[in-house]
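The figures that follow rest on heavy atoms only: side chains count, while hydrogens, waters and symmetry mates do not.
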Amino acid sequence: MEMHSKKRIEILLEAPAQKRLTDLLDRLDVNGYTVLPVIGGKGHHGVWSREGLPSAAGTMVSVSVIASEERLDEVLRPVFELVRRHIGIVTVSDVMVIRGDRF
Amino acid sequence: MEMHSKKRIEILLEAPAQKRLTDLLDRLDVNGYTVLPVIGGKGHHGVWSREGLPSAAGTMVSVSVIASEERLDEVLRPVFELVRRHIGIVTVSDVMVIRGDRF
Amino acid sequence: MEMHSKKRIEILLEAPAQKRLTDLLDRLDVNGYTVLPVIGGKGHHGVWSREGLPSAAGTMVSVSVIASEERLDEVLRPVFELVRRHIGIVTVSDVMVIRGDRF
Amino acid sequence: MSIVDLAVQNLVSPMVLFFALGVTAALVRSDLSVPEAAAKFLALYLMLAIGFKGGTEVSKSGLDAAMGLTILAGIALSFAIPMIGYTLLRLTTRLGAVDAAAVSAHYGSISIVTFVAATEIVRGLGLTFEGYLIAVAAVMETPAIVAALLLARRAAPREAGSQGESMGALLREVGTNGSIVILVGAFFIGWATGERGMDMIAPFIVDPFRGILCLFLLDMGLVAGRGLRQGGRELSPALIAFGIYFPLVSAALAAAFAAMLGLSVGGAALFITLAASASYIAVPAAMRLALPEANPAIYLTLSLGVTFPFNLALGIPLYAAVAARIAG
Amino acid sequence: MSIVDLAVQNLVSPMVLFFALGVTAALVRSDLSVPEAAAKFLALYLMLAIGFKGGTEVSKSGLDAAMGLTILAGIALSFAIPMIGYTLLRLTTRLGAVDAAAVSAHYGSISIVTFVAATEIVRGLGLTFEGYLIAVAAVMETPAIVAALLLARRAAPREAGSQGESMGALLREVGTNGSIVILVGAFFIGWATGERGMDMIAPFIVDPFRGILCLFLLDMGLVAGRGLRQGGRELSPALIAFGIYFPLVSAALAAAFAAMLGLSVGGAALFITLAASASYIAVPAAMRLALPEANPAIYLTLSLGVTFPFNLALGIPLYAAVAARIAG
Amino acid sequence: MSIVDLAVQNLVSPMVLFFALGVTAALVRSDLSVPEAAAKFLALYLMLAIGFKGGTEVSKSGLDAAMGLTILAGIALSFAIPMIGYTLLRLTTRLGAVDAAAVSAHYGSISIVTFVAATEIVRGLGLTFEGYLIAVAAVMETPAIVAALLLARRAAPREAGSQGESMGALLREVGTNGSIVILVGAFFIGWATGERGMDMIAPFIVDPFRGILCLFLLDMGLVAGRGLRQGGRELSPALIAFGIYFPLVSAALAAAFAAMLGLSVGGAALFITLAASASYIAVPAAMRLALPEANPAIYLTLSLGVTFPFNLALGIPLYAAVAARIAG
Ligand SMILES: Nc1ncnc2c1ncn2[C@@H]1O[C@H](COP(=O)(O)O)[C@@H](O)[C@H]1O
Ligand SMILES: Nc1ncnc2c1ncn2[C@@H]1O[C@H](COP(=O)(O)O)[C@@H](O)[C@H]1O
Ligand SMILES: Nc1ncnc2c1ncn2[C@@H]1O[C@H](COP(=O)(O)O)[C@@H](O)[C@H]1O
Ligand code: NA
Ligand code: NA
Ligand code: NA
């Protein structure tokens with residue numbers, strides 16, 4: 001099948017800031033995003049786990065955006081600006097999609 | 001360590017159709033698949049979130065299949081045929097595995 | 001934006017052994033890891049699903065580690081040694097990060 | 001109690017107010033939420049409790065012809081209502097055939113939570129009702145789906161079911177839906193174990209029932225409010241109107257049946273409520289399988305965001321008043 | 001009440017029927033499911049409630065020598081049963097040493113839900129039982145794991161524990177298992193706070209207990225049914241037979257102990273049930289750590305899909321009848 | 001009852017012991033855990049129940065000037081306490097301005113679970129309290145956040161809020177926090193539906209309340225214990241001392257207000273408890289938005305791992321004793 005090359009931006013971010021990020025993505029007019037749950041992890045800020053926590057504080061989510069190579073920088077810059085203030089990391093990887101016009 | 005190059009097919013699909021997809025994957029005789037939860041997202045069909053929903057309708061899951069490059073097309077075609085009717089997207093990326101014969 | 005090339009190691013492992021894996025990662029002194037939930041799957045050990053299970057037995061988690069290419073082998077070897085005894089699979093893929101010194 | 005009194009008293013019940021709180025919280029974009037697992041668990045609890053109670057009632061009263069007839073009437077209504085709804089939707093809105101069929105399936109089927117809310121109101125009026133109405137509720141879930149599928153396949157054979165799933169396969173997928181299985185299963189368990197069984201688990205399924213219903217309604221309010229905020233623009237004025245007047249059409253039809261069946265006042269109120277209510281748990285999931293081409297934002301928002309609050313706040317007291325006229 | 005009456009009455013109890021509903025739903029591939037978080041929460045609730053109640057009982061009756069002796073008997077049984085089970089499995093089935101050891105660990109340990117179901121039946125007969133039996137249940141969880149590990153290491157030193165985790169490290173991993181910690185912790189809290197504490201939380205841990213147990217059994221039925229559907233072919237006829245006759249072997253052994261210990265009729269019934277029950281919460285998790293080479297489909301399906309329903313439906317009434325003979 | 005008796009009796013209450021069990025389980029690295037969805041659900045339940053009960057009380061007693069004055073006093077305290085706390089933190093610890101502001105916000109705000117635990121103790125003493133104190137609790141949630149933000153922005157304009165979110169936007173984000181919305185919403189629903197509403201849902205929100213509180217405290221113990229194990233080294237001795245003496249400072253301030261306001265003994269005990277308690281649900285989430293540069297390990301561990309257990313075990317009995325002196 002014919003496939004088109006795109007970029008997948010994955011943003012691991014502390015959960016209380018999720019709305020800030022998705023509002024930003026809306027403003028950046030990306031075609032879509034997907035939010036995945038995360039149950040724990042470890043980094044410079046120490047170990048954390050979602051278990052037993054009654055609020056969003058102390059938990060993280062992963063938001064992934066598939067975008068075309070051309071739009072990458074345009075999206076990445078403001079996203080990174082936001083993530084920099086919060087606990088979070090941003091990764092980018094290559095991905096192929098089938099309906100290329102949709103992303 | 002010696003590693004083998006494979007493809008990872010990721011299918012984001014509305015949850016009510018999950019059984020259709022996994023039944024299809026069984027028929028296609030893939031070596032395995034893994035289902036990940038998704039908690040929300042946005043696309044052409046609008047914003048959605050799994051929060052508070054008492055049924056599978058309106059929620060999505062992500063199913064990923066690791067397969068050899070040779071089998072890629074053979075798996076992708078019928079999968080895409082199914083996903084096309086439903087809400088969902090399909091991506092493919094490169095991945096290395098250690099026990100290559102298992103996939 | 002300037003980006004740095006890293007490796008993402010993803011370890012899908014039966015949940016009861018999660019602590020063994022993260023203890024090992026601690027000993028290996030990786031910079032961090034992230035744990036994602038998994039809701040079901042199928043492989044040589046058969047079909048499984050987390051639904052309704054009152055204990056960790058029979059469920060899996062996905063642990064991902066971003067590391068530099070140089071450290072890859074050093075991390076992969078003991079991790080694979082552990083995973084080999086348990087139900088689990090290990091994949092490696094390429095990923096770009098922004099703050100390269102952190103990984 | 002006059003219908004106005006009844007309506008007013010209903011409006012300040014904890015159930016209606018918690019639903020309103022949920023809608024409000026969603027509209028002001030609060031992050032208040034019920035975890036998905038908790039929502040599923042609450043739904044499971046409600047189905048189990050209502051099914052079990054119905055079964056216990058039937059074990060007390062025994063089987064009779066009235067039960068069989070009412071079940072038949074329910075099936076007929078569930079099958080007929082989508083036909084009428086579909087026709088009205090095609091005439092008064094711009095929905096395509098597939099969307100119109102999907103929407104009308106929701107109205108032919110029933111909302112168990114609307115039913116439950118109605119039982120609370122009926123009990124609040126000091127009325128009783130025929131226990132077998134839970135069985136009627138259960139059988140009304142699926143005929144509407146069949147009707148909608150037939151409508152869609154005739155009108156748009158290309159789109160609907162182009163992949164050629166047989167009706168049988170689809171019905172198996174739909175009929176083993178968890179919410180139907182637990183409702184029916186608990187009904188039979190309640191029937192088999194009777195009062196002895198009820199005594200054992202009453203502190204779990206009877207005492208806290210209304211409180212848990214409030215919590216579930218809070219959640220439904222949150223989902224409905226979110227749906228209205230996000231999917232609201234999918235609803236044209238004609239569609240919103242349909243979401244309000246069509247329950248009355250179904251109610252009128254059901255009232256005629258109820259009078260013929262000789263149901264008690266409480267039973268008639270509930271039977272009318274079943275007909276007037278629109279599904280938002282079982283049918284949306286079924287439609288994703290049966291008619292995936294239909295737009296879910298339309299049917300979910302209309303059913304949960306318009307018809308459900310209408311029934312909860314105004315419809316049920318009205319149906320109770322009508323029942324008091326025609327029955328008893 | 002004759003044993004037949006007892007068995008029949010047990011079969012139409014809500015508990016057994018909800019379990020059967022779960023199995024049935026899974027076998028017809030219904031999508032009925034209890035969310036994982038809810039299942040864990042229900043299990044936590046049951047452990048907490050049963051532990052607390054046991055502690056309160058002990059606070060009333062005080063400590064005595066009988067308690068110490070029964071605990072010792074429990075430990076001995078939990079250690080001895082896997083030895084017998086392992087031998088029988090090696091003689092009658094084709095299981096390898098590691099799989100046989102893992103299976104036998106489940107039978108030496110106990111199923112707290114089987115225990116709970118038995119307490120309901122014992123109470124239903126108007127009998128009481130020694131509160132410290134909950135402490136006995138708690139101590140019987142782990143010796144079986146040690147026994148199984150010793151068996152596996154002797155028979156298959158290569159496979160089992162090749163990575164050389166010390167027995168001590170393993171036992172720490174296993175002994176801090178959440179289900180044991182909450183059972184034991186709640187037991188001590190119930191003991192410390194006594195009836196005053198019980199009065200405070202009885203409406204939470206006593207009143208709705210049986211209803212919540214039904215819901216949990218529904219879930220166990222779903223899991224068991226799924227296991228049977230998917231893992232069923234892993235079970236040879238010889239293994240299935242083991243899952244049914246071996247509880248009777250353990251029960252006979254325990255009955256002898258119970259007679260010697262001078263337990264009450266209710267207490268004897270529960271003690272026998274403990275011995276006859278097979279773990280499916282704590283031990284499967286422990287086996288993934290201790291003997292990861294063992295095939296989980298075998299031990300989970302056998303314990304939850306064969307032995308648990310056997311005990312629930314037939315075993316417990318039988319053990320109660322035996323207890324009535326030997327004790328009292 | 002003397003204060004020592006009170007403290008001792010409190011220490012062997014199921015609530016305190018379940019919290020201690022949670023801490024212990026976390027410290028021995030048990031895998032005991034409450035699923036996240038269950039924890040959120042329990043928190044939702046507690047907020048709903050406490051809000052509703054408060055509203056019902058106010059519907060009985062009616063509005064009066066005392067309520068307005070107490071609310072104003074609560075706002076003033078919530079705003080003033082962070083100022084004092086910030087100053088003390090800067091003087092006695094090495095915390096930077098942003099961290100000090102974030103910590104002090106937690107102490108100005110309130111912990112609803114501490115409040116709930118105090119109501120249980122107050123009820124256990126046979127005392128009643130003013131129902132509107134729940135409204136006071138609700139209004140005390142946010143002023144502290146504003147105060148902390150002002151402190152941080154003055155001291156460290158670069159860091160805090162460098163992205164220039166307006167205070168208004170931030171307060172909207174924070175004020176629609178789910179835990180506040182459900183508390184306030186349930187309060188108004190309880191007020192509107194009064195005793196009739198309470199009768200309907202009491203078996204859900206009153207009867208099992210204490211048991212559910214125990215389970216939630218077990219969970220809080222697990223989280224606190226994990227925090228201490230992992231984040232403990234972030235806490236200097238000076239900080240730990242602050243977590244213990246500062247509640248006493250706030251309590252003294254509140255006691256003065258309580259005397260002036262003429263609250264009942266029970267009411268005074270609760271008002272003092274509110275001031276002395278530190279938030280660990282709403283404010284940590286708010287701080288991640290308002291002051292993301294602050295280190296969450298510090299404020300969460302201090303509030304939940306030090307101050308909360310201190311209040312639960314010793315603080316509340318002490319505040320009750322003080323209240324008995326100054327009021328009544
Ligand atoms: N090297 C890494 N690989 C995978 N995940 C990481 C890594 N470093 C950090 N993370 C994740 O990012 C979160 C925040 O990182 P940090 O800000 O370094 O504490 C951690 O809790 C992990 O979930
Ligand atoms: N560009 C994208 N990047 C990431 N996820 C997407 C993207 N577009 C769509 N999705 C996901 O796919 C789902 C369905 O997409 P759609 O059919 O466009 O509504 C959305 O709800 C998202 O979860
Ligand atoms: N080819 C595959 N693609 C994706 N996931 C797989 C694949 N094979 C195995 N898995 C996952 O790994 C788990 C264990 O695999 P196995 O040991 O083969 O049973 C399965 O239950 C799946 O979740
Ligand atoms: Na209907
Ligand atoms: Na046993
Ligand atoms: Na405070």
(message) The test is side chain to side chain contact (heavy atoms under 4.5 Å, CB included); show your working for A:T91 and C:I66 and say whether it passes.
(response) CA-CA 9 Å; A:T91 56; C:I66 298 169; 3.5 Å; yes

(message) Are the side chains of C:D26 and A:K42 in contact, using a 4.5 Å heavy-atom criterion?
(response) yes

(message) Nearest 0.5 Å, please: how far is CG in C:N31 from CD1 in A:I89?
(response) 10.0 Å

(request) Any chance you could measure C:M96, atom CE, to A:R8, atom CZ, to the nearest 0.5 Å? (result) 15.5 Å

(request) Enter the distance from C:I98:CD1 to A:L76:CG here, rounded to the nearest 0.5 Å. (result) 4.0 Å

(message) Do A:I39 and C:V61 have side chains that approach each other closer than 4.5 Å (heavy atoms only, starting at C-beta)?
(response) yes

(request) Of all the heavy-atom pairs spanning C:P37 and A:P37, show the shortest one and how long it is. (result) CD-O, 3.4 Å

(request) Can you measure from CE (C:M3) to CZ (A:F80) and round to the nearest 0.5 angstrom? (result) 11.0 Å

(message) Is the shortest side-chain heavy-atom distance between C:T34 and A:L12 below 4.5 Å?
(response) yes

(message) With rounding to the nearest 0.5 angstrom, report the OG to CG distance, A:S62 to C:L36.
(response) 6.5 Å

(request) Find the distance between CD (C:Q18) and OG (A:S49) and round it off to the nearest 0.5 Å. (result) 8.0 Å

